[in-house]
Amino acid sequence: QVQLVESGGGLVQPGGSLRLSCAASKTIFSNNVMGWYRQAPGKQREQVAVISDGGYAIVTDSVKGRFTISRDNAENKIYLQMNSLKPEDTAVYYCTNMRGAWGQGTQVTVSS
């Protein structure tokens, strides 16, 4: 069964914003560090941001100051607010519980 579902991707112009959401089942969300990864065409999947159950967050240097990860423990959801998007942010973005559960991904395309 599907346990992680991402949404919010799409096509946006450079400089624009998107907010990704990930809805998780309680069993794979509760008490787990949650994260966002991305994979661009021809590249390896890379970590974008992670957040602990208590809200401690780490974002990778390439998106620092532009992307913000957050979570709602009551709703079993995490979010990725992406601002000042660049063409190099184009990728499929995946949600994970850092314990082997992955969503199906949502495409983000930054292009004029």
Side-chain angles (χ1 to χ4, degrees):
Q1 68 275 18
V2 178
Q3 295 183 306
L4 288 166
V5 180
E6 302 97 334
S7 61
L11 172 64
V12 63
Q13 293 186 342
S17 297
L18 283 174
R19 188 191 194 210
L20 305 184
S21 299
C22 172
S25 63
K26 185 175 182 179
T27 55
I28 65 170
F29 183 91
S30 296
N31 301 314
N32 282 325
V33 175
M34 298 293 295
W36 288 98
Y37 280 65
R38 67 184 180 186
Q39 187 165 20
K43 294 188 177 181
Q44 289 188 333
R45 192 173 294 190
E46 65 170 348
Q47 182 176 292
V48 177
V50 296
I51 186 166
S52 73
D53 184 56
Y56 181 75
I58 298 174
V59 296
T60 193
D61 286 347
S62 62
V63 306
K64 198 167 292 184
R66 300 189 297 121
F67 290 12
T68 303
I69 187 172
S70 60
R71 66 189 288 161
D72 184 334
N73 289 340
E75 296 291 329
N76 300 327
K77 290 183 177 179
I78 65 167
Y79 304 95
L80 187 67
Q81 178 66 44
M82 306 185 295
N83 299 327
S84 302
L85 283 160
K86 304 176 181 180
E88 51 263 43
D89 295 318
T90 295
V92 178
Y93 284 71
Y94 298 91
C95 172
T96 177
N97 73 339
M98 309 296 287
R99 290 177 178 266
W102 292 86
Q104 81 289 350
T106 185
Q107 176 71 48
V108 171
T109 302
V110 184
S111 175
S112 55

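Computation of the quantities below employed the complete heavy-atom set of this structure, encompassing side-chain atoms and omitting hydrogens, waters and symmetry-equivalent molecules.
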Margin query: Within the 4.5 Å heavy-atom criterion, are Tyr93 and Met82 side-chain neighbours or not?
Written below: yes

Note to self: If you define the side chain from C-beta out and look only at heavy atoms, does anything of Gln81 sit under 4.5 Å from Ser17?
What the structure shows: yes

Check: From Leu80 CG over to Thr106 OG1, what is the distance, rounded to the nearest 0.5 angstrom?
Finding: 11.0 Å

Checklist line | Short side-chain to backbone donor-acceptor contact, Arg66 and Ser84, under 3.5 Å | finding: yes

Notebook entry, point to check: Just by modelled atom types, is the Gly16 backbone N or O under 3.5 Å from a matching donor or acceptor in the Asn83 side chain?
Noted result: no

Notebook entry, point to check: So, do Thr27 and Gln3 sit near enough that their side-chain heavy atoms are less than 4.5 Å apart?
Noted result: yes

Note to self: Using side-chain heavy atoms (C-beta onward) and a distance below 4.5 Å, is Val48 in contact with Val63?
What the structure shows: yes

Notebook entry, point to check: Taking it one step at a time, do Tyr56 and Val50 satisfy side-chain contact (heavy atoms from CB on, under 4.5 Å)?
Noted result: CA-CA 8 Å; Tyr56 181 75; Val50 296; over 6 Å; no

Check: Taking side chain as C-beta onward, heavy atoms only, is Glu6 less than 4.5 Å from Trp102?
Finding: no

Note to self: Could you measure the distance from the CE atom of Met34 to the CD1 atom of Ile69? Nearest 0.5 Å is fine.
What the structure shows: 8.5 Å

Next item on the list: Find the distance between OG (Ser70) and CD1 (Ile78) and round it off to the nearest 0.5 Å.
Entry: 8.5 Å

Item checked: Any donor-acceptor N/O pair, Gln13 side chain to Ser112 backbone, under 3.5 Å -> no

Checklist line | Nearest-0.5 Å distance, OG of residue Ser21 to CD of residue Glu75 | finding: 11.0 Å

Check: Side-chain contact, heavy-atom cut-off 4.5 Å: Asn32 with Arg99?
Finding: yes

Check: Can the ring centroids of Trp36 and Phe67 be said to lie less than 6.0 angstrom from one another?
Finding: no

Notebook entry, point to check: If you group Ile, Leu, Val, Met, Phe, Trp and Tyr by side-chain heavy-atom gaps below 4.5 Å, do Leu11 and Val92 land in one group?
Noted result: no

Item checked: Side chain proximity check, Ile51 to Ile58, heavy atoms < 4.5 angstrom -> no

Check: Taking only residues two or more places apart in sequence or in another chain, which ones pass side-chain contact (heavy atoms from CB on, under 4.5 Å) with Ala23?
Finding: Lys77

Check: At what distance, to the nearest 0.5 angstrom, does CD of Gln107 lie from CD of Gln39?
Finding: 11.0 Å

Checklist line | Arg19 to Tyr79 six-membered ring, cation-pi geometry met (6.0 Å, 45°) | finding: yes

Checklist line | Steps toward side-chain contact (heavy atoms from CB on, under 4.5 Å) verdict (Val33, Asp53) | finding: CA-CA 6 Å; Val33 175; Asp53 184 56; over 6 Å; no

Item checked: Charged tip of Arg45 within 45° of Tyr94 ring normal and under 6.0 Å -> yes

Notebook entry, point to check: What's the spacing between Phe29 CZ and Asn97 CG if we round to 0.5 Å?
Noted result: 10.0 Å

Next item on the list: Answer yes or no: is there an ion pair linking Asp89 with Lys86, defined by an N-O contact shorter than 4.0 Å?
Entry: no

Notebook entry, point to check: Do the non-hydrogen side-chain atoms of Leu4 and Ile28 ever get within less than 4.5 Å of each other?
Noted result: yes

Checklist line | Exceeds 12 heavy-atom contacts within 6.0 angstrom, atom CD of Gln44 | finding: no

Check: Are Val108 and Val59 connected in the hydrophobic side-chain network, where two residues link if heavy atoms are under 4.5 Å apart?
Finding: yes

Next item on the list: Determine yes or no for a side-chain-to-main-chain donor-acceptor pair under 3.5 angstrom, with Arg71 supplying the side chain and Ser52 the backbone.
Entry: yes

